[in-house]
Amino acid sequence: MIVNLILNTVVLFVGAIFSWLPVVTTLPTIGGFDIDAALVSGMGIFNYYCTIVWPIHTIFLGFLVLMGYYTLKVGLRVFFGNRTPGGQ
Amino acid sequence: MLLFFGKGLITYAADTQYYAEKVTPGDPMDRNFQAVTWPDYCDDSGGTLIDFNLGNSIGGSEYVNLPTTIVCTGSNINWGMNGDEVTGSGTVYASMRPATGGDWSYYVTYYSTPGVAGGVWSTDPPADPTCVSNPLTRIISINPPNGTTTPSGAAITFDVDGCVDSSDIGTISGIKVELKNIDQNVLLLGDSSPNTFVLVNEDLTVGHFYFASTTGAGRIPDGNYRIRACLLRTYFGGWIVNNLANTVNDGLDCISNQFIVGSSTFIGNLSQNGFAEYQDFVAGLTATSSEAVAATCNPLGATFDTRKCITFLLVPGGDTLATTLEGLRQGVLIRFPWGYGTRMINIMSSTATGTPPEAVAIPVRISETEVIDVDFDYADLLAGGAALLDSVRDPFYDKSLRDILEPIMQLVVALAVCFIIYGDLMGSHRHNSGPAEKTGKKT
């Protein structure tokens with residue numbers, strides 16, 4: 001309960017700060033080209049091929065995790081600057 | 001999974017025809033059939049493919065991936081969640097959901113052999129599967145059932161039935177099972193469902209997953225055992241697999257069964273009784289009942305218990321943690337501008353498959369005056385090649401190349417990712433190349 005309360009309070013506080021920002025539901029369309037539709041279609045075909053050529057799926061999952069780490073690191077650098085773990 | 005309507009003809013033996021026919025629960029049946037014993041085609045790794053070979057089907061033939069695993073134990077055939085053993089004139093049926101969505105359909109399978117008298121249909125069509133009437137995401141049951149005692153040396157099958165609500169499709173990544181010998185405090189089986197587990201890769205809400213069975217030399221010794229199955233939840237597009245809140249059995253995401261093989265031990269019985277008492281209390285912790293907290297944490301109350309009170313106050317429940325993370329997602333992660341990144345991550349981490357491009361026609365000149373178009377459907381070529389490769393199996397263990405290599409490759413990729421992240425955190429790739437600093441004093 002206590003841990004949940006702390007987490008919910010933090011999430012509520014952070015959510016309140018950013019509540020004025022608009023919600024993003026799809027990727028933008030630039031120059032008549034629908035990026036969201038293209039990415040969804042492309043990933044669907046890629047997932048289909050991954051069911052056949054399974055090593056690609058494993059490598060792609062690892063790539064996603066790695067990109068997630070780098071994204072998280074960039075986000076932390078916004079708040080902590082040079083004190084971010086991992087240095088420069 | 002493709003849609004199947006009407007009556008399908010399946011041919012396995014030269015003179016025996018197998019049928020699968022769509023039925024409606026509640027309607028009276030008037031067909032006769034022989035008692036069904038499934039042929040030698042048993043697949044305990046994820047399902048059975050049946051080629052219905054319908055003349056009017058899409059693409060020439062229909063393949064239906066049955067939402068179950070078949071345990072090949074002689075004449076005991078279990079289909080779906082509510083399959084029955086087939087003996088004499090019983091029924092065997094599977095419940096399937098069309099790929100295009102819609103309600104569950106029920107298909108009865110039976111076979112007839114020319115020259116052999118048919119049997120009698122003995123029961124009405126089956127009742128709704130458990131997940132249709134109650135689609136709450138949960139572990140439905142584990143075998144062996146809780147509190148059972150099996151004879152010494154008996155063959156035991158470990159399997160799990162689970163249910164996933166449509167809103168959780170994509171969040172649930174699989175099921176993890178652990179079997180532990182309590183007497184020796186040894187973990188005997190720790191396994192997770194493979195990537196082909198139909199519970200999460202198909203648009204289904206129900207699955208029966210077979211893990212292992214003890215037969216022959218693999219029979220487990222006498223003693224007290226505990227088997228636990230947990231749904232693995234993922235967050236942020238699969239980057240986080242939730243094992244944090246699955247430390248207690250909440251009766252939904254995690255349940256445990258305790259059973260005894262042959263003769264039990266004193267220590268094992270003590271542990272099982274204590275565990276059962278604890279679980280009875282913990283199972284009720286997920287209820288948002290302030291009265292329960294007050295009763296447990298009130299030092300003047302009759303049910304005051306420090307350990308239980310601290311557990312209830314500090315240990316986050318799985319469902320509440322999921323609610324918190326969902327709140328983070330709705331409140332922060334989908335906001336502009338980083339919402340574009342979240343959207344891209346959701347797309348890239350989705351498991352939905354798409355339709356490959358159509359076949360490519362390449363003009364080929366076959367004579368001086370004649371040019372024909374040769375169609376290359378490379379998607380079909382790849383699928384055919386993959387099916388051929390998957391059909392090559394080790395004759396002793398019945399493992400395909402993927403079954404053998406995929407776990408190794410996953411381990412290698414995971415280790416590589418961990419080392420890259422660790423190296424980046426430690427900054428091991430960076431070198432101090434600056435000049436040495438002078439330390440002399442000026443006078």
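Here the structure is a predicted model, which means the values were calculated and not measured. Letters A, B, ... mirror the listed sequences (proteins, then strands); counts begin at 1.
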Quick check: do [X] and [Y] have side-chain heavy atoms less than 4.5 Å from each other?
| X | Y | answer |
| --- | --- | --- |
| B:Leu405 | A:Trp54 | yes |
| A:Phe18 | B:Phe336 | no |
| B:Ile347 | A:Leu27 | yes |
| A:Tyr69 | B:Leu425 | yes |
| A:Tyr70 | B:Ile421 | no |
| B:Arg335 | A:Trp20 | no |
| B:Arg343 | A:Asp36 | yes |
| A:Leu66 | B:Ile420 | yes |

Query raised in the report: Could you go step by step and tell me if A:Ile35 and B:Met344 meet the side-chain contact (heavy atoms from CB on, under 4.5 Å) rule?
Result: CA-CA 10 Å; A:Ile35 300 176; B:Met344 195 165 67; over 6 Å; no

Query - Closest approach of B:Tyr340 to A:Thr26 (non-hydrogen atoms, all atoms of both residues) - result: CE2-O, 3.6 Å

Report task. Provide the closest heavy-atom pair for A:Met43 versus B:Met348 in the form atom of the first, atom of the second, distance. Result -> CE-O, 3.3 Å

Report summary line: Turns out that what part of A:Phe46 lies under 4.5 Å from chain B's heavy atoms comes down to neither

Query raised in the report: Which of the residues A:Leu39, A:Val40, A:Ile59 is involved in the greatest number of heavy-atom pairs with chain B at under 4.5 angstrom?
Result: A:Leu39

Query raised in the report: Just wondering, are more than 12 heavy atoms of other shown residues or ligands nearer than 6.0 Å to CZ in B:Phe419?
Result: no

Report summary line: When rounded to the nearest 0.5 Å, the distance separating NE2 of A:His57 from CD of B:Glu406 is 8.0 Å

